[in-house]
Number of protein chains: 4
Amino acid sequence: MARLAGSDGETTAKAIRAQSLALFARHGYAAVSMRMIADAVGVQPGALYQYHSNKQQLLVDLMRGHLEALLRAWREEEDAADSPVQALERFARFHIRYHITRPDDVFISYMELRALEPDEFRAIEVLRKSYEGVLKAILEAGRVQNIFSCEDPHVSAMAILAMLTGVNSWYRSGGRLSQAKIEDIYAVMVARSVGCELEGRSDV
Amino acid sequence: MARLAGSDGETTAKAIRAQSLALFARHGYAAVSMRMIADAVGVQPGALYQYHSNKQQLLVDLMRGHLEALLRAWREEEDAADSPVQALERFARFHIRYHITRPDDVFISYMELRALEPDEFRAIEVLRKSYEGVLKAILEAGRVQNIFSCEDPHVSAMAILAMLTGVNSWYRSGGRLSQAKIEDIYAVMVARSVGCELEGRSDV
Amino acid sequence: MARLAGSDGETTAKAIRAQSLALFARHGYAAVSMRMIADAVGVQPGALYQYHSNKQQLLVDLMRGHLEALLRAWREEEDAADSPVQALERFARFHIRYHITRPDDVFISYMELRALEPDEFRAIEVLRKSYEGVLKAILEAGRVQNIFSCEDPHVSAMAILAMLTGVNSWYRSGGRLSQAKIEDIYAVMVARSVGCELEGRSDV
Amino acid sequence: MARLAGSDGETTAKAIRAQSLALFARHGYAAVSMRMIADAVGVQPGALYQYHSNKQQLLVDLMRGHLEALLRAWREEEDAADSPVQALERFARFHIRYHITRPDDVFISYMELRALEPDEFRAIEVLRKSYEGVLKAILEAGRVQNIFSCEDPHVSAMAILAMLTGVNSWYRSGGRLSQAKIEDIYAVMVARSVGCELEGRSDV
DNA sequence: TATGAATGAGATTTCATTCAT
DNA sequence: GATGAATGAAATCTCATTCAT
């Protein structure tokens, strides 16, 4: 019919983001239909096209939103005064903390890259590589200062990111381990993986 | 038309496995149609139903085949005489070696669990947990002998598996690093993550 | 949002007529969406419904506007003192001149009759037959005076109108032939088709 | 379900051609849905895609089929021994006879060119221009031999084709005039339009 | 007078699957 | 063992239209 009394574009836009994120993460982009999203939002499928020009663009908008927010958050978190060891710990803790609270964004931004058409893929890859570059720079700085025993910063960065992001594959909030404890455990493992012991935590 | 001269069920069966594996890995189960698989194999879609009763069962057959082969391979690899440190290194090297050569099987067996219907999911999970149990047992053995500094064998096992399997996300055969070198690097990182140094390799 | 400063109903009405005419002529009524028209006009689709109650009525308004203007123009052009030959030449020249400058109106008024619902169709047919009657009357007058060799005025009228209107299918303003030259050529052909030579133009 | 007992591809293919031709001619390409065609044929819409890869290709197949058959038919009809006057009469009679029995093919092949995408349009235009070239060659031959008073063969060809094809806009089989009589009338008009009288027929 | 949000219907097309041959 | 023809359901997306603002 027409606009329902009280309906509001911004509210609908947020609901579409939230519901499509949850559905894509749970079932995968290809397995989620626009009808499923519309049902979750409480509108007809056609209404989704007022907000995203097609299904692919909806996915792109979710990914771009996540990666841009992630990069902004790190820029606020980082401290130029950190030593490489401090920077590595800060990064590990930040990564876990940021990712653990947004498992759906994380999952689709890493797993649904294959669903992107070439142009969209390239645009998103730029953002993703930009974040990977943060960790690589930290490792490289530690390596040239002979603080890290890290033969190949690229491989180490990939391994560390895989390990850190892997938390999301098993973490459930309210589970046995607190978020802070998980940060502690992983910070130590990350440091050790480049040959460092974090001070005062050899007991972990 | 009837059977083409020279067409052969076993050949077709293998081609279906190979092509569906590659397609599911590249695009995801939901994004691959039976027609795409049939085209890749060189038959009509209806022919696929001579080998797998439906699309879901085709996926299950691929996963079960992979996981059963993986467990068989480990049983041939393991050595009851190993110390926990040796066992951990053997496991790390085995995991990388086995997985690096079967990236498609690995990928779909981890990523397409969500595409399984409940009954099929449970059956596959049993196999998967059985393999995770191998690593957990090694870690637990090292922990009780005070060889590993490993507070929580379950968390550590998940972290290590994530890191090891993560190789597949960036490894390309013929790349800069040999498979043996990658095994070395990861064996050291895995050992360090539980507080051990592998002998004679502090230079890695 | 309310009315934009400076927006003006009459301007919009004219723009809707101009743009819908061009789009219907180029792509056909059924292939043009209200959204396409709105985009061309520079308004939202809903705004179109302030001027025409629905898409069908928009088409009817275009056709009626054209046919009524055509009949008015002929009434101003015709000369009761003409002989049948003069009247036929006048009609041929008028038809070409009037139609050649309004190709879009002409095209949709002839081609989109099939898109009209029965009631609207009948109303438009009355206007169209009224114009065809003009030519038929001229031919009939020439026939009864034994000036035209024209066995069947109806068939001849249809043939002549098809030929004359056919100019629009290839004429492009600024092309090789001037409008006046085209009028000359067709006036001669029309006259000859009923067995007459126009005076002083046997060279054409 | 599956193939119905007794269903047969060639039968269905012909039915699709016949029904889509009739529907496109009556309502226009854009106004006809695949569902309408499927209903007329007596199959589900999806079955149409076994015969034509999409709606556009269905239209192209209809047009190409018509134009190729038309050119083949003329090649069998033409007689190299004809004088220009004889050739012109033969062409006029052939054109009317061929087109009058295939009004739907004719209509869509001339009117739905605008519905073609650029590549398809070019391919069809080649065929259409090839047929126009037949008439132009006849006119040109008569002009250089000073038999036809025809200043511009291209314009005359367009005018004559418009007139001849225009028959389809009013002819109904079983109507007042026989097909032979219509051929006679038009043959005379066409000849006169280039300044010739057909022998023994000045009475028409 | 016009917008912005939405609807309900329907468009084209693809899908997994079936089964007579 | 495989094809070729078809189904019934569902996918993505567009459409004309409505109406609170």
Side-chain angles (χ1 to χ4, degrees), chain A residues 1-13 30 32-36 38 42-51 53-56 58, chain B residues 1-4 7-13 30 32-38 41-51 53-56 58, chain C residues 1-4 7-13 30 32-38 42-51 53-56 58, chain D residues 1-13 30-36 38 42-51 53-56 58:
Chain A
M1 301 254 164
R3 171 146 49 158
L4 298 177
S7 82
D8 164 29
E10 199 162 345
T11 302
T12 305
V32 173
S33 71
M34 295 301 265
R35 183 166 301 275
M36 282 166 74
V43 295
Q44 294 295 315
L48 301 177
Y49 292 84
Q50 289 237 320
Y51 298 88
S53 55
N54 51 50
K55 194 187 173 189
Q56 170 91 191
L58 168 53
Chain B
M1 215 174 289
R3 176 151 45 147
L4 292 176
S7 89
D8 164 8
E10 196 162 350
T11 302
T12 305
V32 173
S33 70
M34 294 299 265
R35 185 163 303 273
M36 283 166 74
I37 297 168
V41 171
V43 295
Q44 294 295 315
L48 302 177
Y49 292 83
Q50 303 269 345
Y51 299 88
S53 57
N54 53 48
K55 193 185 174 193
Q56 170 89 193
L58 168 54
Chain C
M1 214 175 289
R3 174 152 46 150
L4 293 176
S7 88
D8 165 6
E10 197 162 349
T11 303
T12 305
V32 173
S33 70
M34 295 299 266
R35 186 164 301 273
M36 283 166 74
I37 297 168
V43 296
Q44 294 296 313
L48 302 177
Y49 292 83
Q50 303 270 344
Y51 298 88
S53 56
N54 53 48
K55 194 187 174 190
Q56 170 89 192
L58 168 53
Chain D
M1 301 258 167
R3 172 148 47 157
L4 299 177
S7 81
D8 163 32
E10 199 161 345
T11 303
T12 305
V32 173
S33 71
M34 295 301 265
R35 183 166 301 277
M36 284 165 74
V43 295
Q44 294 295 314
L48 301 177
Y49 291 84
Q50 288 237 322
Y51 298 88
S53 57
N54 53 49
K55 193 187 173 189
Q56 170 90 191
L58 168 54

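Proteins come first, then strands; the chains are lettered A, B, ... in the order of their sequence lines, and each starts at number 1. Atoms considered below: every heavy atom in the structure, side chains included; atoms not considered: hydrogens, waters and symmetry mates.
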To the nearest Å, how far apart are C:M34 CE and E:dA9 C1'?
-> 17 Å
To the nearest angstrom, how far is D:Y51 atom OH from E:dT12 atom C1'?
-> 19 Å
Provide, to the nearest angstrom, the distance between the CD atom belonging to C:Q50 and the C1' atom belonging to E:dA2.
-> 6 Å
Between OH of D:Y49 and P of E:dT13 the distance, given in whole Å, is 4 Å
B:R35 has its side chain closest, among E:dA6, F:dA6, E:dT13, to F:dA6
Counting only side-chain N and O atoms of B:Q44, is one of them less than 4.0 Å from OP1 or OP2 of F:dG4?
-> yes
Assign each of C:G46 and A:P45 to its nearest nucleotide of DNA chain E by heavy atoms, then name whichever residue's nucleotide is nearer the 5' end.
-> C:G46
Let me know, please, whether B:Q56 or C:G42 comes out on the 5' side of the other along DNA chain E by nearest nucleotide.
-> C:G42
Partner set under side chain to side chain donor-acceptor pair (under 3.5 Å) for B:S53, not counting sequence neighbours | none
Does a side-chain N or O from B:T12 land closer than 4.0 Å to OP1 or OP2 of F:dG1, or not?
-> no
Take atom CG of A:L48 and atom P of E:dG4, then tell me their distance rounded to the nearest Å.
-> 19 Å
Quick one: does C:I37's side chain get under 4.5 Å of C:L48's, heavy atoms only?
-> yes
Hits for side chain to side chain donor-acceptor pair (under 3.5 Å) against D:S33, two or more places apart or cross-chain, chain-then-number order -> none
Select base, sugar-phosphate, or nothing to describe what D:V32 touches, counting heavy atoms under 4.0 Å on all strands.
-> sugar-phosphate
Which sits closer to the 5' end of DNA chain F, C:N54 or B:A47, going by the nucleotide each is nearest to?
-> B:A47
Between A:S33 and F:dA10, is there a side-chain N or O to OP1/OP2 distance below 4.0 Å?
-> no
DNA chain E in dot-bracket, Watson-Crick or G-U pairs under 3.5 Å, [ ] crossing, | other strand?
-> .||||||||||||||||||||
Whole Å only: how far is the NZ atom of B:K55 from the C1' atom of E:dT14?
-> 12 Å
In whole angstroms, how far is the C1' atom of E:dT12 from the CE atom of D:M36?
-> 14 Å
Integer-rounded Å distance: E:dG4 C1' and A:E10 CD | 14 Å
To the nearest 0.5 Å, atom CD of C:Q44 lies from atom OH of C:Y49 at 13.0 Å
